[in-house]
Amino acid sequence: MPENKFEEIGLEYATRMVNSGPVIMISAAYGNERAVMTVAWNMPVQKSPPLIAIAIGTKHHTTGIIEQSGEFIINIPGHEILDVVKYCGSVSGHRESKFESGKFDTTMGKIVYAPVLSGVMGIIECKVARTVNMGDHGIYLGRAVRCAARKGCFHEVWKVSEGKAQLIHHLGGSYFYNPKP
Ligand SMILES: Cc1cc2nc3c(=O)[nH]c(=O)nc-3n(C[C@H](O)[C@H](O)[C@H](O)COP(=O)(O)O)c2cc1C
């Protein structure tokens with residue numbers, strides 16, 4: 001799995017990083033506990049201050065950790081780690097530790113105390129600005145406090161047409177949309 005060689009991205013581009021609705025992985029930590037899950041339901045909400053919403057099931061292990069920590073990191077994966085995306089979206093941290101599976105490595109965020117998955121194309125570190133409980137899902141509005149992307153992959157937008165950034169888009173169930181640049 002490639003090491004993360006990130007460059008800092010201006011916060012004004014936080015919403016751009018998820019503008020096309022890519023699949024993301026949400027990570028969080030509290031004390032010794034770490035959590036990560038795959039999330040397709042996300043959207044930009046506001047540019048300044050930058051807000052991004054995620055809709056996550058209230059019973060997920062990751063949701064419980066975010067409730068305690070009040071922060072999370074949006075990991076933006078590319079197609080090369082689709083297997084990790086599927087794994088983190090099909091196994092619950094309530095049952096087994098995904099971090100001990102050997103399927104991915106991690107470092108930690110710089111501002112937010114949460115894991116950063118190796119091999120992702122970019123990250124947005126977020127503080128929870130507001131939560132809306134909808135029943136079996138909650139909407140968590142994250143205020144971006146730091147953005148970073150793999151060197152050369154993002155300049156104002158993801159460099160999709162140059163083939164440097166292949167975002168993952170989810171059609172539902174086991175179906176993904178895989179555009180070829
Ligand atoms: C492609 C994909 C997209 C997903 N999107 C969401 C989502 O938007 N919201 C959600 O609550 N769960 C979503 N899931 C399911 C969770 O990732 C899954 O239930 C995960 O095991 C929860 O992990 P946790 O209990 O360790 O937090 C998705 C799964 C996949 C494979």
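No experiment lies behind these values; they were computed from the predicted model shown. Each ligand, and each atom within it, is numbered from 1 in the order the structure gives.
Under the side chain to side chain donor-acceptor pair (under 3.5 Å) criterion, E33 pairs with H61, not counting sequence neighbours.
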Using distance only, find each side-chain donor-acceptor pair of residues 123-133 under 3.5 Å and give its atom names and separation, not counting sequence neighbours.
unit_1: E125; atom_1: OE1; unit_2: K110; atom_2: N; d: 3.4
unit_1: E125; atom_1: OE1; unit_2: I111; atom_2: N; d: 2.7
unit_1: E125; atom_1: OE1; unit_2: V112; atom_2: N; d: 2.6
unit_1: E125; atom_1: OE2; unit_2: K110; atom_2: N; d: 2.8
unit_1: E125; atom_1: OE2; unit_2: R146; atom_2: NH1; d: 2.7
unit_1: K127; atom_1: NZ; unit_2: E71; atom_2: OE1; d: 2.7
unit_1: N133; atom_1: OD1; unit_2: G135; atom_2: N; d: 2.9

Result block: side-chain N/O donor-acceptor pairs under 3.5 angstrom for residues 95-102, not counting sequence neighbours:
unit_1: E96; atom_1: OE2; unit_2: Y87; atom_2: OH; d: 2.9
unit_1: S97; atom_1: OG; unit_2: F99; atom_2: N; d: 3.3
unit_1: S97; atom_1: OG; unit_2: E100; atom_2: N; d: 3.4
unit_1: K98; atom_1: NZ; unit_2: V36; atom_2: O; d: 2.7
unit_1: K98; atom_1: NZ; unit_2: C88; atom_2: O; d: 3.0
unit_1: K98; atom_1: NZ; unit_2: V91; atom_2: O; d: 2.7
unit_1: S101; atom_1: OG; unit_2: K98; atom_2: O; d: 2.7
unit_1: S101; atom_1: OG; unit_2: K103; atom_2: N; d: 3.2

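Between the side chain of D105 and the backbone N or O of S118, no donor-acceptor pair lies under 3.5 Å.
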Test side-chain contact (heavy atoms from CB on, under 4.5 Å) applied to F154 and R16, step by step:
CA-CA 10 Å; F154 187 97; R16 285 265 182 96; 4.0 Å; yes

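Heavy-atom neighbours of H155 NE2 from other residues, nucleotides or ligands within 6.0 Å: at or below the threshold of 12.
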Pairwise, report which nitrogen or oxygen atoms of ligand 1 are under 3.5 angstrom from protein nitrogen or oxygen atoms, and how far apart they are.
unit_1: ligand 1; atom_1: 5 (N); unit_2: A40; atom_2: N; d: 2.9
unit_1: ligand 1; atom_1: 8 (O); unit_2: A40; atom_2: N; d: 3.1
unit_1: ligand 1; atom_1: 8 (O); unit_2: W41; atom_2: N; d: 2.9
unit_1: ligand 1; atom_1: 9 (N); unit_2: A55; atom_2: O; d: 3.0
unit_1: ligand 1; atom_1: 11 (O); unit_2: G57; atom_2: N; d: 2.9
unit_1: ligand 1; atom_1: 11 (O); unit_2: H60; atom_2: NE2; d: 3.1
unit_1: ligand 1; atom_1: 14 (N); unit_2: T38; atom_2: O; d: 3.3
unit_1: ligand 1; atom_1: 17 (O); unit_2: T38; atom_2: N; d: 3.3
unit_1: ligand 1; atom_1: 17 (O); unit_2: T38; atom_2: O; d: 2.8
unit_1: ligand 1; atom_1: 21 (O); unit_2: V91; atom_2: O; d: 2.9
unit_1: ligand 1; atom_1: 23 (O); unit_2: K98; atom_2: NZ; d: 3.1
unit_1: ligand 1; atom_1: 25 (O); unit_2: H61; atom_2: N; d: 2.9
unit_1: ligand 1; atom_1: 25 (O); unit_2: S92; atom_2: OG; d: 2.7
unit_1: ligand 1; atom_1: 26 (O); unit_2: G93; atom_2: N; d: 2.7
unit_1: ligand 1; atom_1: 26 (O); unit_2: K98; atom_2: NZ; d: 2.9
unit_1: ligand 1; atom_1: 27 (O); unit_2: H61; atom_2: N; d: 3.3
unit_1: ligand 1; atom_1: 27 (O); unit_2: T62; atom_2: N; d: 2.8
unit_1: ligand 1; atom_1: 27 (O); unit_2: T62; atom_2: OG1; d: 2.6

